[in-house]
Structures are given as C-alpha cells and as structure tokens.
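Reading through the structure tokens given below for one structure.
The basis for the numbers below is simple: all heavy atoms, side chains too, and nothing from hydrogens, waters or symmetry mates.
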Amino acid sequence: MADRALSGLVVVDLSLGIAGGYCTKLLADQGAEVIKVEPPEGDPTRHLGPFPDGTPDPERSALFLHLHTGKKSVTLDVTTPAGAATVRRLLARADVLVESFLPGTLARHGLAYDDLAEQYPDLVYCSITPYGQTGPWRDYRGNGFTAWATGGLAYVTGNPDREPLANGADPAEYFAGVNAALGILAALAYRDAHGGGQHVDVSLMEAVAANLEYTTALYSMQGAIRRRWYSRHVFRYPSDIFPCRDGYVAVIYGRTGLQQLAVLLDRPELLEDPLFLSYAERVKRWRELDAILEPYLRSHTAREIVEAAQDLHEPFALVLDVPGLLADPHLRERRYFQELTHPRAGKLRYPGPPYRMSETPWETGRAPLLGEHNDELPPTDQTAG
C-alpha cells in the first residue's frame with residue numbers, strides 16, 4: 001500500500017484523557033507513528049471503562065480501545081528525572097509533542113515548550129488544557145463538562161423554562177481533540193514552508209465557544225441573548241425530533257413555506273393555511289403545527305417518513321441508536337465500520353474515518369497493551385544532542 005498522508009510523522013503523546021487521545025488517534029489513523037507515553041498504572045481512560053460484564057480490566061476499557069487505535073504504548077513516569085530524560089531522548093526523532101497537563105506542570109520537570117524549543121527547534125508542541133496557557137483561569141481545573149458550561153453551549157440547550165442542559169456523551173473533549181489535530185497540521189505546514197516549530201495552545205472552553213454558531217454575532221449586532229428553545233432550531237422551525245411509530249425522526253424545514261409538508265401529509269387544504277405559509281405564524285403557533293404533524297408521524301415508521309420526505313427533496317432524517325448505526329445499509333455500503341482484533345478484548349467494531357481521501361486512504365490498527373512497546377525506548381546512554 002502507498003504511504004498514508006502522515007507516514008513518517010513521529011508524535012510523542014504525553015496527554016492523559018480524551019481530548020489528547022482523540023487528537024493523536026486522528027494522526028495515527030492517517031499514518032503517523034504515535035508513541036503513547038503512559039504512567040506506569042496506565043492512561044486514566046484504561047480505568048474508566050466501560051468494561052465487559054462490568055469487570056475492570058485496563059486492557060479491555062472500551063474508551064481506551066476507541067481512543068488509542070494504531071498507537072504504540074510505553075510506560076514512563078515523566079515526573080521523575082529518569083522519565084523526563086527518556087522523553088527528551090524520544091523527542092530526538094519526533095516532529096510533534098502533545099500534552100494535557102495543567103500549565104506549569106511540565107515546566108517543573110524541564111519539559112515545557114520553552115525548555116525544549118532551543119534543543120528541538122523544529123518541534124511542534126501542542127498543549128490541551130481546560131482554559132489555555134494564559135488568562136486568569138489558566139490554573140483552574142476543568143474537563144469537557146465544564147467546557148460545555150463555560151463555552152456557552154449549555155446555556156442555549158434545553159427548555160426555555162428550565163435550567164440549561166449538558167449534552168449526551170462528551171463532545172467538548174472531541175471538539176478540542178479535532179482542533180488540536182488541525183492546529184498541529186497547520187503548524188507542520190508552516191514548518192515545511194518556513195522552518196521552525198511552534199507552540200499550539202488549545203483550550204477546551206474555546207473549542208466549545210467556537211461552535212456557538214451565530215450566538216455571539218447576534219449579541220454583537222442586536223444585544224439579543226439567544227434563548228433555549230426546547231430541541232428546536234427556532235430559525236428553521238419545525239426543525240425538531242418527533243416520535244413516530246417505531247422510534248423517532250428528525251423533521252427539518254427552513255424559513256420558507258411548508259407546501260411540501262402539506263403534500264407529505266396528503267392535506268391539500270393546508271396549502272393556503274397561514275400556518276403553512278408564514279414563518280412568524282409557525283413560531284407563535286408551534287403547538288398547533290405539532291398537533292397537525294403528530295398523527296401522521298405516529299402512524300408511520302421512521303424509514304417510511306424519511307423516504308417519503310426525501311422524495312419531496314426535504315431533508316428529514318432517521319434518529320439512529322447504536323444498533324441502528326451498525327445495521328444501517330448506507331454505512332454498510334460505504335464500509336464505514338471496521339473490525340479489529342485485540343489480544344485481550346477480542347474482535348471489536350470501530351467507527352471508520354471522519355473524512356476520506358482518494359490517494360492516501362485512512363487505515364487503523366488495534367490499541368496497544370500497556371507498555372507493549374517499552375523495548376523500543378531509546379537506550380539510557382543515548383543522548384538527544
């Protein structure tokens with residue numbers, strides 16, 4: 001097989017947790033050699049699970065197995081002089097270092113960016129922290145949940161008469177991981193064009209705030225604060241999740257009239273109804289519109305509804321659970337899910353690439369055992385220059 005997009009790139013991953021793990025997973029799956037440096041007890045995600053049958057096993061944590069495909073694992077205590085010295089030796093052939101310690105932590109061990117920049121002038125050094133390397137909150141503790149709150153997305157999620165809501169899973173960590181990978185690739189492109197590495201500073205809070213859509217622009221222009229509005233997108237109502245005969249379906253419309261919806265419902269008399277002609281009427285009288293929609297939706301399956309709507313060029317969508325995703329014929333035809341065999345966890349199905357490249361296809365390998373590649377560590381008498 002031809003070299004992949006990032007073949008030859010060497011990444012030393014000192015990060016702990018989800019955001020850094022996902023960042024380096026994206027790099028590894030495009031061919032980078034990622035050396036995952038774990039503390040002797042293993043990355044925290046090895047101990048978070050979930051585990052088969054609920055029995056803790058650091059080699060069978062579903063979260064770790066998901067985040068660390070295609071990487072090598074070495075165990076080091078980077079907070080000791082010997083561990084820090086070994087990291088420096090690893091950097092002798094590395095292009096990228098990724099870390100997620102609170103600001104100032106690695107400086108105490110001689111591994112901060114400023115400590116390494118002179119010795120490794122081409123190194124791209126990426127730090128992922130809750131609030132960034134500067135500012136009054138730089139030393140605050142935090143995680144994806146706190147980033148969802150402080151980054152503004154919690155405030156616009158939920159019912160208008162209730163408290164803000166967190167989202168399912170932990171998207172803030174993945175937002176940060178994606179942006180860290182993007183920042184690294186941008187820094188590498190600059191290095192290739194102009195020479196020299198640099199420090200990439202990723203804040204979970206800012207990664208979330210970057211996804212606030214038009215909210216900050218709305219406030220800047222009008223002084224208006226976007227409200228929570230159930231699960232609806234108020235500017236595209238009725239864009240919402242509705243129950244149907246066998247589950248749920250996403251009903252999606254724009255600000256124009258709902259003539260196609262009247263056709264879908266086989267209700268020609270609605271073509272001239274102000275509720276179907278006026279966006280303003282739909283916003284004010286949304287409960288009436290729901291009452292018209294719901295009998296049709298509850299009498300049809302999700303696939304019947306989606307296929308009929310798509311035939312009318314309306315972007316309705318299925319609301320898939322995990323079994324539905326795994327069985328989905330569209331994803332199956334695109335061979336999205338991949339099967340990997342792990343020596344301790346057995347055969348597992350994994351999500352495939354988040355994007356596809358025609359000349360350098362994505363390819364992944366299994367997650368490593370704890371310390372599986374310790375014999376590849378540079379000898380203790382080797383110096384980095």
Side-chain angles (χ1 to χ4, degrees), residues 1 4-7 11-76 98 100 144 168-171 173-174 177-178 181 318 320-357 360-377:
M1 180 180 176
R4 287 182 282 162
L6 299 181
S7 292
V11 179
V12 174
D13 182 4
L14 304 185
S15 71
L16 303 173
I18 295 175
Y22 189 63
C23 164
T24 56
K25 167 186 168 63
L26 293 173
L27 303 178
D29 288 347
Q30 285 293 351
E33 178 187 354
V34 176
I35 303 166
K36 170 68 178 168
V37 177
E38 303 189 58
E41 69 275 13
D43 187 272
T45 57
R46 287 188 181 270
H47 307 284
L48 289 177
F51 304 101
D53 304 319
T55 303
D57 182 341
E59 302 296 1
R60 303 173 75 198
S61 162
L63 182 58
F64 182 88
L65 294 170
H66 165 67
L67 288 172
H68 298 289
T69 53
K71 302 178 189 177
K72 297 179 176 181
S73 169
V74 300
T75 52
L76 288 173
V98 179
S100 62
D170 209 345
E173 297 276 356
Y174 292 90
V178 169
L318 301 170
L320 293 174
D321 58 11
V322 173
L325 276 172
L326 291 170
D328 184 72
H330 175 77
L331 295 179
R332 186 186 306 120
E333 183 171 321
R334 287 173 59 81
R335 298 180 181 178
Y336 174 69
F337 287 102
Q338 310 289 318
E339 188 173 89
L340 298 174
T341 301
H342 187 273
R344 288 286 297 277
K347 287 187 178 180
L348 301 169
R349 295 182 76 182
Y350 284 82
Y355 54 86
R356 297 173 188 247
M357 300 170 68
T360 52
W362 171 97
E363 181 181 323
T364 194
R366 66 167 175 85
L369 299 168
L370 180 62
E372 182 175 353
H373 303 90
N374 280 352
D375 59 354
E376 297 183 22
L377 286 169

Passes side-chain contact (heavy atoms from CB on, under 4.5 Å), Leu369 versus His342? Steps please.
CA-CA 9 Å; Leu369 299 168; His342 187 273; 3.6 Å; yes

Within the side chain of [X], is there an N or O that forms a donor-acceptor pair under 3.5 Å with the backbone of [Y]?
X      : Y      : result
Glu363 : Thr360 : no
Gln30  : Leu6   : no
Ser100 : Leu16  : yes
Asn374 : Thr75  : yes
Arg4   : Trp362 : no
Ser61  : Thr45  : yes

Pairwise distance [atom1]([X]) to [atom2]([Y]) - rounded to 0.5 angstrom:
X      : Y      : atom1 : atom2 : result
Leu320 : Asp328 : CG    : CG    : 5.5 Å
Leu76  : Leu14  : CG    : CG    : 9.0 Å
Phe337 : Leu325 : CZ    : CG    : 5.0 Å
Arg332 : Leu326 : CZ    : CG    : 10.0 Å
Cys23  : Glu173 : SG    : CD    : 12.0 Å
Arg349 : Lys347 : CZ    : NZ    : 12.0 Å

For the residue pair [X] and [Y], establish whether any side-chain heavy-atom pair is separated by less than 4.5 Å.
X      : Y      : value
Phe64  : Pro368 : yes
Leu340 : Leu348 : no
Tyr336 : Arg356 : yes

Among residues at least two apart in sequence or on other chains, which ones pass ring pair (Phe, Tyr, Trp, His ring centres under 6.0 Å) with Tyr174?
Tyr22

Criterion side-chain contact (heavy atoms from CB on, under 4.5 Å) on Ile18 and Leu63, from CA distance to verdict:
CA-CA 9 Å; Ile18 295 175; Leu63 182 58; 4.2 Å; yes

Ignoring hydrogens, what is the shortest heavy-atom contact between [X] and [Y]? Give both atom names and the distance.
X      : Y      : value
Ala28  : Lys71  : CB-CG, 4.1 Å
Gly20  : Val98  : CA-CG1, 4.5 Å
Ala169 : Pro171 : C-CD, 3.6 Å

Hits for side chain to side chain donor-acceptor pair (under 3.5 Å) against Glu33, two or more places apart or cross-chain, chain-then-number order -> Lys72, Arg93

Applying side chain to side chain donor-acceptor pair (under 3.5 Å) between Lys25 and each of Asp13, Thr364, Thr69, report the one that passes.
Thr69

Does atom CD (Glu376) have a neighbourhood of more than 12 heavy atoms from anything else shown, all under 6.0 Å?
yes

Does atom CG of Asp375 have more than 12 heavy-atom neighbours, drawn from other residues, nucleotides or ligands, at distances under 6.0 Å?
yes

Sort and list the pairs that fulfil salt bridge (charged side-chain N to carboxylate O under 4.0 Å, His left out) and have at least one residue in residues 37-50, not counting sequence neighbours.
Lys36-Asp43, Glu38-Arg46, Arg46-Glu59

